[in-house]
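Note that these values count all heavy atoms, side chains included, but never hydrogens, waters or copies made by symmetry. Order of the sequence lines sets the chain letters (A, B, ...), proteins ahead of strands, with each chain counted from 1.
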Amino acid sequence: MDVKNLKDYLHWLYYQYLLITSIYVLEPWEQTLFNTVLFTMVAMVIYTSYVFVPIHVRLALKFFSGLCGGQQESTVALIS
Amino acid sequence: MARMADLPRNGSLTFQTSQDHSKSTTSKNGFHRSCQENGISNGVHHRSRVTEGFEQPPMYVAVFTYLGFGIVTLFGYLRDFMRAVGLEKCHVAQEREEQKDFVPLYQDFENFYTRNLYMRVRDNWNRPICSLPGPEFDLMERVTDDYNWTFRLTGKTIHGVINMGSYNYLGFAENNADFLKTVAETTMDYGLGVCSTRQEMGNMDIHQELEELVAMFLGTESAVSFGMGFATNSMNIPALVSKGCLILSDELNHTSLILGSRLSGATIRVFKHNNMQSLEKMLKEAVTNGQSRTHRPWKKILIVVEGVYSMEGSIVRLAEIVALKKKYKAYLYLDEAHSIGAVGPTGRGVTEHFGVDPSDVDVMMGTFTKSFGAAGGYIAGKKELVDYLRTYSHSAVYASAMSPPVARQIIRAMKCIMGQDGTTVGIERLRQLGENTRYFRRRLQEMGFIIYGSRDSPVVPLLVYMPGKVGAFSRAMLERKIGVVVVGFPATPITEARARFCVSSSHTREMLDKVLHALDELGDYLGIKFSRRRYIDELDS
């Protein structure tokens, strides 16, 4: 029963996607084309973010820790 | 005119004018008496509150609507490209090879729109009907094998589809033999065709009878009838105004009014829909500055408005317009195509709805195609006006006179509304229409749809917005055996596609409930319940 509900829900979600993007009115091959293009773009965005975001985050962390951490160390050193 | 000095700045004029006119409502034509027969007195100011709303949808709706149009337009360009390079066969008219250096005929936006956007959802329009278009009708089933380029009839009939689209407000589109007895007799006596114009051999006693009755019904001095409603507007405005005159036209006026205005050669200025500040500003400007360049005063200033706007369901703010027209000495042309018979306690249209004296409206135009279930139109007003139009209007001089059975059907319907046929059928239908309208509108608002228009207008537009949802909505409604009218871009602004329901007195409560149930289901399934208003029950107040 749950599986059926979930299936219905997913169907509904896809239907909403068709309606909201208005590709509901397109012919099936056009819908496929649109979905392929959209899927490729989303996949590329996800892949690039997977590859590059960790590097950027690490660099950013390093930069900020360099700024803040360095200062803190020095202030600590001054106080002590 | 002293009372006009204290006009509030927000543009909503007070309704003081209606008070003193209500006393002097003409009883010359027995208008008073006929109303009393129906048990409702006329002239009492009926409802001064203007309960209208144009609710804005959430922001994301506009974004997705534009996005949807963008995507479909992109694919339209793709398909056009494929047609141009020969990857796909072009089914529609296109430039001929030997005319390729001529001015292009099929490359404007409208052609693009028809070819690439309208064609995809074309199955929702022009569905063939094969029965009386009463509250229910039968549809011929139709399928397409090539995505709406061509249709094929399967030979099957879809029976008992609820009709939510006809302008059959009072249910006079009917085939009850008892009701149509007089019409049948007229057909026996006069036949169907007239084959001549009113000025030649087409002027019959039945036309005279009809015109007298129309004048009596409306409470005007005189009236003239025409064989076609659209032509009544488009051919009579040119007879009334000409070059050197100014037409102030509401931005949502019907095409017939726009065409008539353009044909007249007068200068046309458009004011914002039902917006009195905009109208007053233009009137003021027109009176003070006169014609452009020469600055001569305008010969005539004609304000052209409709009673009930067919796409918005809004009712004109007549009392305010009459006040403005008097203040600036302009003329008023009121098109009551949708409001005559459908609005007002005894069906006399917007003048009765607002308690305005009909003689304050210079040109009262209306059609018989809607509430009266017939064909044609009329113009009513002062005797001089009507006599002038009889002589000079193209519609009177060149158009064939109204078919006698049609005239008889109008007389029958009008007498029924006035209660002159000795029954209470007419007044019951009016009451039923009002009840149905308010019920339908209230339930839709409760369900959370955005609907436009006045509480009393039987035209109920339900906003769908997104192009994909328009097609899906109409198809899903037909699956549930409900016929609806959906309206898209050329007739409405691009972001405001809608479904338009026309409530009829012949709809039973069961039919309306079935429609409302289907709408409730579909509203959730398609996601078209956009309203963010908490509905407050006004009917109790």
Rounded distance (nearest 0.5 Å) linking atom CZ of B:F473 with atom CG of A:L19: 12.5 Å
Separation between CG (B:L78) and CG (A:L33), nearest 0.5 Å, reads 6.5 Å
Name the member of B:Y147, B:F69, B:F64 that forms the most heavy-atom pairs with chain A at distances under 4.5 Å. B:Y147
Is chain B contacted by the side chain of A:I23, its backbone, both, or neither, given a heavy-atom distance below 4.5 Å? side chain
Which portion of A:E30 sits near chain B, non-hydrogen atoms under 4.5 angstrom: both
Quick check: are there more than 12 heavy atoms from other residues, nucleotides or ligands sitting under 6.0 Å from [atom1] of [X]?
X      : atom1 : answer
B:E110 : CD    : no
B:F81  : CZ    : no
B:H517 : NE2   : no
B:M140 : CE    : no

Looking only at heavy atoms, which two atoms of [X] and [Y] are closest? And how far apart?
X      : Y      : answer
B:G471 : A:Y24  : C-CE2, 4.1 Å
B:L526 : A:Y15  : CD2-CE2, 3.5 Å
A:S22  : B:G468 : OG-N, 3.4 Å

Taking only residues two or more places apart in sequence or in another chain, which ones pass side-chain hydrogen bond (donor to acceptor under 3.5 Å, both in side chains) with B:R142? none
Heavy-atom distance under 4.5 Å to chain A: side chain of [X], backbone, both or neither?
X      : value
B:Y525 : both
B:D524 : backbone
B:R475 : side chain

Could you tell me whether the side chain of A:T21 reaches within less than 4.5 Å of the side chain of B:M466, counting heavy atoms only? no
Only heavy atoms, only distances under 4.5 angstrom. Which residues in residues 480-492 of chain B are near chain A? none
